[in-house]
Amino acid sequence: MLGELVPCGGGDPIPLLKGKLLVGRMRDCDIVLGFANISGKHCQLELLNGYWYVRDLRSRNGIQVNGMRCDSKFLLPGDELSIAKHRYEVTYEPAAGAPPPEEENPFALSLLEKAGLMRRQEQDRRLRLPPSAKRIDPARSDKFSADENQALEWLKDDDE
C-alpha cells in the first residue's frame, strides 16, 4: 500500500494501491466515490518522486488542498484533500531523503491558457481572416496607403 485517504468525518480509509489512480463517480475509476457532487472522472492521484500529486480533471466542483482551491498540487503527509465537499487526510511515507518537488509557477500561464481558451481564440482569429490577410508579401508594401501599411505592420506583429 502506497498510502491512504482517511475521511475527515469518519469512515473507512481508502487505500492508495497503485502509483496512478483515477478518482470519480464512474465505475471504471480506481477510487469510486458515489456522491452526486463528484464528477464522473473528478481528479487523478499520481505518485511522483515519492510524493503524491493531485490534478483536477476539469471537474464541476473542483479540488482543494488544505482549504485552498487548486488545479494541481503535490500532497504532503497530513494534508487535507477535498474532492468536491468530501474531505480526506492524506497519509503516506514520502521518499526518504528526497525533498518534495517544486510547485509550478502559478503565474507562468495566463488564465486564458490555463482554461485552454488561448489556443482556440488564436485559431478562431486566423479562421476569420480572409486568405489575402493571412499571407502578405512585404515586397508589395510600398503600393499601399499609410493606413494599409499600418494595418500590415499590425498583422505582421500578430504572427510573430
CA sep, side-chain torsions, deciding dist, call: Val23, Cys29, side-chain contact (heavy atoms from CB on, under 4.5 Å): CA-CA 6 Å; Val23 180; Cys29 291; over 6 Å; no
Residue pair Ser82 / Glu80, side-chain heavy-atom distance below 4.5 Å: yes
Residues Gln64 and Arg69: side-chain donor-acceptor under 3.5 angstrom: no
Test item: Ile14 and Leu33 side chains (from C-beta on) under 4.5 Å apart, heavy atoms: yes
Check: Val32 and Ile38 side chains under 4.5 Å, non-hydrogen atoms: no
Val6 vs Tyr88 side-chain heavy atoms within contact, under 4.5 Å: no
Within one Ile-Leu-Val-Met-Phe-Trp-Tyr cluster: Leu16 and Leu57, side-chain cutoff 4.5 Å: no
Geometric class of the Tyr92/Trp52 ring pair [parallel <30°, tilted 30-60°, perpendicular >60°]: perpendicular
Leu2 and Leu17: CA distance, side-chain angles, deciding distance, side-chain contact (heavy atoms from CB on, under 4.5 Å) verdict: CA-CA 6 Å; Leu2 302 171; Leu17 300 173; over 6 Å; no
Same cluster (ILVMFWY, side-chain, under 4.5 Å), Val90 and Tyr51: yes
For Asp56, side-chain hydrogen bond (donor to acceptor under 3.5 Å, both in side chains) partners two or more places apart: Ser59
Sequence-distant partners of Leu48, side chain to side chain contact (heavy atoms under 4.5 Å, CB included), two or more places apart: Glu46, Tyr53, Phe74
Contact list for residues 13-26, test side-chain hydrogen bond (donor to acceptor under 3.5 Å, both in side chains), sequence neighbours left out: Lys18-Asp30
